[in-house]
Enquirer: 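Can you read through this structure? Questions will come right after.
Basis for what follows: all heavy atoms, side chains included, without hydrogens, waters or symmetry-related copies. Per chain, numbering begins at 1; letters A, B, ... match sequence-line order.
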Amino acid sequence: MNFIDNPRKLRGFEKNIRVEKVSRRSILKGLGVTGGFVLAAPVMTRQAFAYETGAGKMPHGIVVDPRVFVAVAPDGTVTILAHRSEMGTGVRTSLPLVVAEEMEADWSKVKVQQAHGDEVKFGNQDTDGSRSTRHYLMPMRQIGASARTMLEQAAAKRWGVPATEVKAANHEVVHNASGRKLGFGELAADAAKESVPSIEGLKLKDPKDFRYLGKGQVGIVDLHDITTGKARYGADVRLPGMKYAVIARPPVTGGKLTSFDPDAALKVPGVEKVMQVRGWPWPSKFQPLGGVAVIARNTGAAIKGRDALKLVWDDGANGKYDSVAYRKELEEASRKPGLVVRKEGDADGALKGADKVIVGEYYIPHLAHVSMEPPVAVADVKGDKAEIWAPVQSPGGTREDVAKTLGIPEGNVTVNVTLLGGGFGRKSKCDYALEAALLSKELGAPVKVQWTREDDIHNGFLHTVSVERIEAGLDKDGKVTAWRHRSVAPSIASTFAAGTKHQAPFELGMGLVDMPFEIANISCENPEAAAFTRIGWFRSVSNIPRAFAVQSMVGEIANATGRDQKETLLALIGSPRIVKPNVKDMWNYGEPYDSYPIDTARLRKVVELVAEKGEWGRQVPKGHGLGIAVHRSFVSYIATIVEVAVDEKGKLTVPRVDTAIDCGTYVNPERIASQIEGAAIMGLSLAKYGAVTFKDGKVEQTNFDDFQVVRIDEAPLVTNVHIVPPSPDTPPSGVGEPGVPPFAPALLNAIFAATGKRIRALPIGKQLEA
Amino acid sequence: MIKVKINGQEQSWDGDPDLPLLWFLRDEAGLTGTKFGCGKALCGACTVIVDKEAVRSCITSINDVAGREVTTIEGLHPDGDHPVQKAWRQVNVPQCGFCQAGQIMQAAALLMDNPKPSHDQIREAMSGNICRCGCYQRIENAVHLASTGV
Ligand code: FES
Ligand code: FES
């Protein structure tokens with residue numbers, strides 16, 4: 001029933017996923033998960049950017065306790081909690097599957113239950129940063145092993161034999177010597193009385209005995225529900241007496257309502273009420289923007305009512321934000337020195353003395369997430385208690401923010417996490433849940449706040465806009481001796497603190513200061529850039545502009561020196577080594593550098609793997625071109641080859657994509673493939689069309705007609721995914737995001753190969769039509 | 001009073017006749033399998049079958065379907081085993097899944113009309129349905145699989 005087992009004769013099907021020979025001895029040693037149960041973990045202050053450290057240092061850390069995550073019913077049904085949000089990565093299946101693997105549960109007897117937002121109980125729940133498998137593979141194994149041990153202990157006691165003589169296997173515990181067996185269900189009550197074993201003494205399964213891990217033969221738990229319309233997303237929650245609301249929000253970030261006339265709206269059939277929604281001054285993290293809500297008996301009436309509102313806004317200080325002018329500002333800033341954030345050797349001097357200097361200025365505008373499910377939330381606030389149902393990536397953060405916004409204790413807030421119809425970072429910001437909470441409190445009834453697609457594009461937390469300027473100095477032999485990279489972009493930190501002008505370490509650490517090339521003279525700089533709208537995380541974040549710039553520059557160097565792209569890339573990466581950049585705060589995705597260094601051997605390996613499997617250098621028809629790019633992000637290594645075809649009219653198509661990923665030890669290769677296939681589509685979307693632009697402070701795009709994304713008829717004909725088998729002890733790393741960054745530069749390098757046109761400003765739009 | 005048959009059941013509505021079918025289905029009839037993605041016939045998330053045709057319920061008023069037969073994802077097959085649904089599961093199509101009801105309804109309508117579509121015909125017919133997660137390769141393969149027998 002699964003993707004890998006059925007190599008039917010579908011186009012490209014048999015080539016889609018290739019897992020190279022897998023060997024996983026003693027995986028996961030030294031992942032830094034230590035200590036006992038963290039049932040009452042010290043409550044750490046949730047900082048705006050709590051990414052600086054590894055799993056244990058995330059807010060509320062990790063909880064390893066089978067009593068929290070696993071329940072065994074007398075009939076043998078095993079219920080496993082999923083405490084991370086499902087937005088399409090498959091995490092709601094993968095992590096419980098890890099528990100089932102270790103506890104020897106039969107997956108067909110396992111039910112997955114979604115945990116509500118409670119980080120003291122479950123540990124950190126922020127589903128972002130491509131961290132779920134990275135941070136939870138080991139804890140979930142330990143939880144499963146603990147549960148298994150408790151079941152074994154209970155059986156041993158029942159039989160009066162030493163625990164060492166019994167063994168759990170496939171949902172029962174067996175005493176081999178006597179042939180006795182007891183099902184998990186029969187042992188459940190006794191096992192629950194057993195003490196929880198210490199983590200140090202746990203015996204984890206030998207990977208060679210894995211039934212599920214690394215195999216990719218288990219479909220996602222929601223598969224049937226999704227295909228039958230039963231899966232419940234945020235918008236699908238319905239409560240008795242629930243009202244439907246849409247909100248008219250200020251068209252300019254930081255704008256305020258001057259006056260409004262609700263009369264026409266109130267005449268719309270089905271509209272029940274028009275009311276103001278409290279807004280917070282910008283910037284204020286995820287607090288609502290405020291505006292006017294139309295309350296109705298159904299969403300259709302609420303939307304129609306909102307269309308009839310008469311609204312007067314005071315646009316405020318951001319009313320002059322203009323994307324054309326702003327781009328010029330960024331470009332000018334990139335041409336002057338900025339805050340030096342990495343320095344090795346003397347880049348200025350080396351550039352002056354270079355035989356040849358290649359300059360590339362790369363521009364990429366704001367992007368909107370446009371997750372298929374627009375933001376939506378249901379709230380039911382009664383007195384000092386609040387219950388929320390919402391598709392949120394941050395259930396714990398949402399709980400905290402709802403409590404703060406309503407002025408009630410966090411313990412009085414329940415956040416039920418529904419399925420997310422896509423997240424991509426948008427749903428890490430819970431403003432829509434806060435809006436629903438405010439409205440429900442005022443109405444004294446449950447309320448659903450539905451964002452329309454227009455709202456999503458107009459009032460979101462956009463991906464930043466940036467100019468990345470790279471100057472590469474070459475010596476007489478074409479060797480790169482100097483590298484100066486200036487990155488100018490408004491920071492996500494500006495959404496938290498007014499006056500932010502510089503990017504935060506977590507942004508600088510996404511492809512700027514962690515640039516892996518072996519070059520003697522390096523200067524990475526960050527000139528100032530102010531923000532004029534809400535900036536937020538977008539899948540892959542700053543890695544998108546950085547990979548775009550750096551990997552395009554590799555293509556430019558290859559062209560300037562008349563060498564092959566891949567050879568140029570490998571020459572720049574240089575010798576296999578651990579890169580030690582001269583940087584104060586490397587960030588490194590919050591991971592300890594010892595276990596997650598920048599390893600150029602792994603970087604080279606994905607380049608070589610994709611080149612081999614993707615048949616780099618193959619003959620392609622006229623009008624076609626091949627491009628390659630590699631990028632390390634979320635501590636994974638990804639290389640992509642794109643074949644593009646550009647016809648006489650400048651229309652581009654993508655006949656083939658190959659991507660190689662090294663994400664260390666993994667759980668489900670089938671979902672890795674689906675993430676990488678999807679990343680190619682998102683990469684192609686942003687490269688071809690991605691642009692949110694401002695005029696007079698307002699977003700100019702409205703819906704999928706003018707903020708386009710790739711559709712099936714322009715999708716790559718085939719995307720092949722090649723997964724590098726982890727060597728022993730390779731810790732798991734990110735999968736959800738890293739596929740996106742290398743796509744656009746690989747495509748642009750391919751376009752150059754096909755047409756001789758170097759595109760330095762995204763989106764491609766009509767640039768090839770000239 | 002507007003009467004419409006939805007998944008074989010007679011339903012009636014005496015509110016705003018201009019109410020988009022989408023919101024009638026989701027908010028009034030409680031059939032939440034049909035999704036809202038754009039409201040402007042741009043994404044296909046709200047696709048249902050009216051008589052034998054795929055229709056965007058977000059721009060179709062309840063009045064437009066008066067006296068007609070509407071099939072939503074909930075009514076496509078009593079056990080969820082329509083060949084398209086089965087193929088979808090076999091190919092593990094969905095990521096987040098939010099677009100998939102619309103995709104499946106569109107594919108089911110396509111196969112009613114053209115039981116053996118070519119790859120190009122599949123891409124053409126499915127091009128009104130956006131999948132932001134990017135499951136297109138699998139959607140194409142699943143439609144093909146459904147057309148050749150699951
Ligand atoms: S919601 Fe109807 S087409 Fe998008
Ligand atoms: S599966 Fe997420 S939008 Fe299609």
Enquirer: Run the numbers on B:Y136 and A:D713 for side-chain contact (heavy atoms from CB on, under 4.5 Å), then give the verdict.
Expert: CA-CA 9 Å; B:Y136 295 132; A:D713 56 345; over 6 Å; no
Enquirer: Check whether B:C99 gets within reach of chain A through its side chain, its backbone, both or neither, counting any heavy atom under 4.5 Å.
Expert: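 Backbone plus side chain of B:C99, per the 4.5 Å heavy-atom cut-off to chain A.
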Enquirer: Is it true that B:K35 and A:D236 have a side-chain N and a carboxylate O under 4.0 angstrom from each other?
Expert: yes
Enquirer: Under a 4.0 Å threshold between the charged nitrogen and the carboxylate oxygen, would B:R138 count as salt-bridged to A:E677?
Expert: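 Salt bridge between A:E677 and B:R138, a charged N being under 4.0 Å from a carboxylate O: yes.
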Enquirer: Does B:R26 reach the main-chain N or O of A:T299 with its side chain, forming a donor-acceptor pair under 3.5 Å?
Expert: no
Enquirer: Checking side-chain polar atoms at under 3.5 Å, does B:R89 have a donor or acceptor matched by the opposite partner on A:T227?
Expert: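 Yes, a side-chain donor-acceptor pair sits under 3.5 Å.
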Enquirer: So B:W88 and A:L223, side-chain contact (heavy atoms from CB on, under 4.5 Å) or not? Walk me through it.
Expert: CA-CA 9 Å; B:W88 239 248; A:L223 189 54; over 6 Å; no
Enquirer: Which residues in residues 9-22 of chain B have a heavy atom less than 4.5 Å from any heavy atom of chain A?
Expert: B:W13, B:D16, B:D18, B:L19
Enquirer: Tell me which of these, A:A301, A:G88, A:G423, has more heavy-atom pairs under 4.5 Å with chain B than the rest.
Expert: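 That would be A:G88.
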Enquirer: Check whether B:F24 gets within reach of chain A through its side chain, its backbone, both or neither, counting any heavy atom under 4.5 Å.
Expert: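 B:F24 has no heavy atom closer than 4.5 Å to chain A.
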Enquirer: In terms of side-chain geometry, is the basic nitrogen of B:K40 or A:E454 positioned less than 4.0 Å from the acidic oxygen of its partner?
Expert: yes
Enquirer: Does the side-chain contact (heavy atoms from CB on, under 4.5 Å) test come out yes or no for A:F424 and B:C133, once each step is laid out?
Expert: CA-CA 9 Å; A:F424 312 122; B:C133 296; 4.1 Å; yes
Enquirer: Run the salt-bridge test on A:E714 and B:R123 with the 4.0 Å N-O cut-off and return the result as yes or no.
Expert: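 Judged by the 4.0 Å cut-off on N to carboxylate O distance, A:E714 and B:R123 do not form a salt bridge.
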Enquirer: Out of B:Q137, B:E124, B:M126, B:Q103, which one pairs with A:I712 under the side-chain contact (heavy atoms from CB on, under 4.5 Å) rule?
Expert: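 Among the candidates, only B:M126 passes.
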Enquirer: Tell me, please, which residues at least two apart from A:T89 pass side-chain hydrogen bond (donor to acceptor under 3.5 Å, both in side chains).
Expert: none
